[in-house]
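Below, read A as the first sequence line, B as the second, and so on, with proteins coming before strands; counting in each chain starts at 1.
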Amino acid sequence: MGPYLLQRLLVTVPTLFGVSVLVFLTLHLAPGDPAQVILGPKATETSLADLRRDLGLDRPIPVQYGRWLAGVVTGDWGRSIQLKTAVLPLVWTHFKATLILSAAAMLFAAGSGILLGVLSAVRAGKLLDRAAIVTTLVGYSLPAFFLGLLLQLAFGLWLGWFPVTGMYQPEGGGVLDLLAHLVLPAVTLAAGIGALIARMTRATMMEVLSQDYVRTANAKGLKRVSVVFRHAFRNAFIPILTILGLQVGYILGGAVLVEEVFGWPGVGTLAVNAILARDFPLVQGVTLLVALAYVLANLVTDLLYTLVDPRISYA
Amino acid sequence: MRRSSVFFFLFFAIGWGLAQNESRIVIGLQAEPVALDPAQLSDYNSSRAAMPMFEGLVRFKDGSTELEPALAESWEVSEDGLTYTFTMREGVTFHDGTPVDAEAAKFSFERQIDPEHPYHDTGEFAYAEFTLGMIDSVEVQDPMTLQVTLENPFAPFLSNLAMHAASLVSPAALEQYGRDFAQNPVGTGPYRFVSWQRGTELVLERNPDYWRGAPEVERLVYRPIVEDQARLAALESGEIDFTVNLPVDDLPRLREDPAFRFEEQAGMHTWYLVFNVKKEPFDDPLVRKAVAHAIDRQAIVEALLGGTGELAQNLLPPVVWSYTEDVEQYPYDPERAQELLAEAGYPDGFEVEFWIPQSGSGMQQPVAMGTVIQDFLSRVGITANIQQFEWGTYLDRVIVPEDQAESVPAMFEMSWVGDNGDPDNFLYILLSGDQFPANGFNLGYYNNPEVDEILRTARQTTDQEARIPLYEEAQRLLMADLPIVPVDHEAQIVVMDSSIEGFTPHPTGVFRFETVRLAQ
Amino acid sequence: MTADTASQTSRRPSFQRLFLREPVTLVASLLLLAVILSALLAPYLGLPNPAEGSLIDRLQPPGTAGHILGTDELGRDMLSRLVWGGRVSLVVGFAAVGFAALLGVTLGILSGYLAGRFDFWVQRLIDVLMAFPYILLALIVVAILGPGLVNTMVAIAIAGIPYYVRIARGSALALRESEFVTAAQAAGAPTWRILVRHVLSNSLSPIVVAATLDVGFMIMAAAGMSFLGLGAQPPISEWGVMLSDGRQYLRVAPWVSLLPGLMIFLVVLTLNLLGDRLRDMLDPRTLGR
């Protein structure tokens, strides 16, 4: 475990380096003078000169990168042009909202997806299985922004069961308040991923169920439920875990669209506005934080993987 | 709690309790405020959220743009119209407890207009030049007496002092927060800052020490809800109590509902098309007139805007004094448009660039309106190629100095909301020859020496009666030459819970809650 | 060589079986064909101009005389806008997949076949690109290039490259050691020839399956970017933009928003269905993305 952890961490380092370079370069890849890009076309010559000096824009690119990275590491992520405030606290506040939405969606997608997949595999070929197959196909063909709109229309505007926008009641804050606001966006975000998880769970379970020891267990007359959950599912669990890990990127990406539909105060909404306003420090802040989170999530999945299955080691 | 859902009520009741007996108004904004520093306000959402916390030396009366004393108790203007002497109101303090005096006023002005001021780097003051740029010097004669000297006589100066950027800010707070003052605002207004969670809500509470008496409503909560339909749903479910700019097509239904109260006011607003007169073919007034005749503006106002605006006959809105309808009219007449085009040498029409913003303060429905205009123009042979921009980017691209006039498209959408109720604030700022960007907002570079002379005389004349005929003449000349096509004047339509009583919309578009009561 | 011909022969009967025995697949294929044909033939269908409308006829419900699917907020014919919108969405979807597949497969095959240092650096690049969630990567590219329909297409294509690199590299790595490749190498065949004749042609089936499934995904991604306001600009009819703009009228005229949403859904659904069938036939292994 120890050496594996170390090795896995070491592999992450060049990736993180690449990520930081790419994020840093967005500013320089955008057409135009970076100082002008940051300050906008209305900037005066003096403020442009000041910024060039502050950021060291007259220095070679690697030196600039070093300074930028030093800032990132020490918590100075620059200032948003559009929102006139420091980037890091701003991005962090919004990121927490995205995290809540993503976690809820993941939980819901995993729960419903695994359940549907297992049931579908157990009842392979039966009506339930066919229904599940259709459901999952529909699930991952529904664009999140369309599904969100449908749910908003049905459960928000027509039935009035759930609020259609925001994260809390005015001056609210309780868990239940959050849950009420979370239901529709989380379900929307979970639909596509839940469908994928269900499909893959079904495939994995089918494979396991057809293996000898399961047949043996069945032959020994063990209860069907016990066979499925004690024997088969335990062995299908590791591949399913991998599948869940793969979906983290989907969730974080899909959150952008879902946040826009439901007015959820997360990084997605922040990023879209920042792009439209060409607010590069903020674009960099959001992309960097989300990428870091994603790399971290992948790392954790891998580690969980070894924890669950000690046979695996890093090769 | 009207009409709120079973589920929701349940969640709300358990989760938050029913202990919320404070009086509170929740306001739905169209977008997140940007900054709460009065010197940096450039959009409605920010000014509506920030202005309950601030005041200037003078203020507009409720519901009008007439002036009344505020932080200055009284003032005197010298004979030559150059020197203003203000006597500060005694006993007023900022929300942080520091006293309001002449020094604070000097600080608030000079911070914006003096590049050498130690706090000049605490923000970008887009309206400083426009609001306070005519000031030559500010002097503190004694702690309670402030003397302001102008470079030239400027008739609307006192009105300017009631504008956002002339509000007084606490010097102590700026010293403490620096650039972050915009997130930690401290002023003298009827409400004071409590908290701001970006993207979620801004909370203000009443200022118990407000010099005109503490307001009745205890808390104001501002929530940004970008989607119009979502804001509407929030209003109907009781999550917000008060909002503006709801979807036009939903208004008739709401009007019939006794749960809501409507307050409306003719707006100090004009939505117009700008021609870049430096570019062919709009250097020719005949072509400009052809465009005006080609567009069915009446249909736009009635069908698309659902009567939420009034057809514009003139750049100046009817609510501003000196307005006249005795100007050349441009009814919908595509045949006349084609005749004019033929006369100007374009019998087969032409192709132009047409820029529009995706949204924006006062822009109403810029994309839908632009698309309809494009459609009308295509019917007389004019091909308008639309290009769309985000509002901030849009402003950056169309507000450019004359030497870059080539980069500005031949035609684009714009709107203007009056800041101080003075005709100068429309006619001079938007169409005088010395108001090309960055001086002012003459974005199409229109230059008519005859008009300029009249407008300049009018702004230096302190007698209002004498100014009226000058502005009437300017309107006639301008509409005969048509540097812009006015389309409509948007009405301010505020929809609120019927329990809110005593709200009067203000022509400047800010919300004043200090006069409001909540019926039980 | 033998593997190639074998798969050729086994392909034909399964296609027949596919269409004769599976009505769902048949319906899906016909539906997709109809959308593609109407998009291709849009100018010749005698539909009203999708950019022209009459404000008096705005927000007419489906079923109105002269406007089978109703009109939008500017009085434009919904059917016409949907057909022309399909043109944009399909072109963007297919073009993005083509672009991503071309670059991704080239890079992947070279990387897998050449191995060594080239492979190492390509892998590091892919690692970095894959450290960003898909939509975020597309957003970064749009941030650099600026919003717009073409830029959006480029963005979603670039973000899709790693997917194809992975698939193609996997195949190439396996084929590199295969008998017929080593045989060709021994016979002195030039590298490009081996790459095209042996490696690429034998990697095609997983790539084709992946690409088919990806078209639907790309159409969704492009519509999503347009929905966010970063893609197509008016007066272009594009499904994502139509859905987004229509939200304003959701209560009084839900069809303005729901119909384009339904079209995206149906096209993606049929593409996914056909992709799944294709995969069942060509490549039994599950390809996750």
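With a threshold of 4.5 angstrom between heavy atoms, B:Ala233 approaches chain C through its backbone and through its side chain. Only the side chain of C:Arg58 comes within contact range of chain B, judged by heavy atoms closer than 4.5 Å. In this structure, chain C has a heavy atom under 4.5 Å from the side chain of B:Gln365, while its backbone stays farther away.
Both the sub-6.0 Å distance and the 45° axial angle are satisfied by B:Arg255 relative to the ring of B:Phe262.
For the options B:Asp249, B:Asp228, B:Val372, heavy-atom pairs under 4.5 Å to chain C are most numerous at B:Asp249.
Aromatic pair B:Trp355/B:Tyr394: centroids not less than 6.0 angstrom apart. The six-membered or imidazole ring of C:Phe217 lies near that of C:Tyr134, with a centre-to-centre distance under 6.0 Å.
A distance of 8.0 Å separates CZ of C:Arg76 from CE of C:Met242, quoted to the nearest 0.5 Å.
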